[in-house]
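These notes are about the structure you will find just below.
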Amino acid sequence: QRTNQNYDQLSKLFNELHSFCQEIIAADKTNSRLFASYYRIGFYGEIWNDLRLDNTQFIYKEQQGVRLADITDRLLKQYKEHYGNDNVLQLSNAEVDKSKLEVGKAYIQIVSVDPYFTAGGEKGRVTLWDRRTNLSKFVYETPFTMSGKAQATDMGEQYKRKVILITEQPFPSVLKRIKIISKEEIILSPIENAIDLLEGRCRNFRVELDATPPNPKTLQIVLQGSVLALVNAGPLEICRIFLGNASKFNEIHVNDLRIKLNTFVELCADAVVLNESIIQADQLAFQRGLEEGFKNLCSEIVKANYIVLPKKSVALLENIDRKV
């Protein structure tokens with residue numbers, strides 16, 4: 001355009017680019033950008049051979065509003081129209097034993113997956129955009145117990161299987177689906193599962209604390225799930241079972257759990273302080289509830305001598321007491 005000196009057209013193009021950038025900035029401020037949801041779809045049964053799909057798995061990219069039930073209904077309808085209503089069956093999310101599959105039937109397995117990052121893999125992925133682009137690893141989790149049940153009544157008996165899937169090229173892509181080329185399974189013992197749960201909460205806190213500007217709505221959701229009296233039984237139950245009986249568990253895992261708990265409490269304090277700095281006057285009662293919940297959480301941790309509270313947490317507790 002510059003060569004042709006068509007500055008009028010060039011001005012229009014730059015104005016349009018400016019408009020796009022302004023929309024991105026506005027969406028980032030409110031965390032309202034829409035990113036894809038991902039699902040793992042597996043095809044089993046010789047009947048799929050006409051489409052070269054037998055024993056093949058893909059990651060499907062869907063719009064954010066597409067739920068597991070939505071994609072399940074759509075795919076079942078699509079393939080039943082091709083193979084017949086009675087010939088397409090959905091498998092549960094368990095290991096597939098092909099010897100037990102009925103000949104002449106098309107089996108499909110569908111499970112929701114999340115982007116997966118190795119330890120330190122999120123470093124440099126500061127924004128939500130960073131964490132939702134260039135994705136080639138995905139994960140889904142399956143809880144189980146040694147008794148055969150999925151869910152245990154006691155966290156000390158709750159195991160978890162993490163399945164990590166790797167695609168042959170990253171998302172986003174112009175392709176609707178990308179083939180899975182390898183997978184890895186990790187079995188977490190009950191205490192490793194507890195560590196993973198705390199790490200997940202810490203990760204959620206870091207996302208909120210790193211947001212620029214902070215989003216009160218999503219920050220408060222994370223806080224509610226961590227420090228309010230009705231829900232902080234999760235972290236305290238982890239402490240009671242694994243740190244209250246530390247001698248029964250692997251020393252390395254116990255130490256790792258203490259470190260994660262320390263980080264969790266510190267991030268809780270940072271989040272409570274941040275929330276107070278961004279709320280309006282009509283949310284002061286909610287803030288006081290958060291502070292009281294945090295105080296109760298720390299009180300139980302100190303009482304049982306699970307960890308020594310981080311300095312930031314102690315400072316916040318002192319500040320809370322001064323308000324009384």
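Keep in mind that the numbers below use all heavy atoms, side chains included, and drop hydrogens, waters and symmetry copies. A quick note: this is a predicted structure, and the numbers were derived from the prediction, not measured.
- Atom CD1 of I164 is separated from atom OG of S182 by 10.0 Å, given to the nearest 0.5 angstrom.
- Under the 3.5 Å distance criterion, the side-chain polar atoms of Q109 are matched with a main-chain donor or acceptor of A94.
- In this structure, a donor-acceptor pair under 3.5 Å is absent between the side chains of Q220 and Q224.
- In terms of hydrophobic clustering, with Ile, Leu, Val, Met, Phe, Trp and Tyr side chains grouped at heavy-atom distances under 4.5 Å, L53 and V111 are assigned to different clusters.
- Both tests do not hold together for R131 against F117: distance to the six-membered ring centre under 6.0 Å, angle to the ring axis within 45°.
- The shortest heavy-atom contact between C268 and V227 is SG-CG1, 3.6 Å.
- In this structure, P310 and V265 approach most closely via the heavy-atom pair CD-CG1, 4.1 Å.
- To the nearest 0.5 Å, atoms CZ (F286) and CD (E291) are separated by 11.0 Å.
- D54 places a side-chain N or O within 3.5 Å of a backbone atom of G45 that can act as its donor or acceptor partner.
- Closest heavy-atom contact between L317 and K295: CD2-CA, 3.7 Å.
- In terms of heavy-atom proximity, Q151 sits nearest to T145 at C-CG2, 4.0 Å.
- In the hydrophobic cluster analysis, where Ile, Leu, Val, Met, Phe, Trp and Tyr join through side-chain heavy atoms closer than 4.5 angstrom, I178 is grouped apart from I108.
- Residue Y38 is tested with Y60, F171, Y140 for a ring-ring contact (aromatic ring centres under 6.0 Å, His included); the sole match is F171.
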Please evaluate residues I195 and L188 with respect to the criterion side chain to side chain contact (heavy atoms under 4.5 Å, CB included), reporting the C-alpha separation (whole Å), side-chain torsions for both, the decisive distance (0.1 Å), and the verdict.
CA-CA 9 Å; I195 293 169; L188 300 183; over 6 Å; no
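- Across all their heavy atoms, Y44 and N55 have their closest contact at CE2-OD1, 3.5 Å.
- Residues D50 and Y83 have side chains that bring a donor and an acceptor to within less than 3.5 angstrom of each other.
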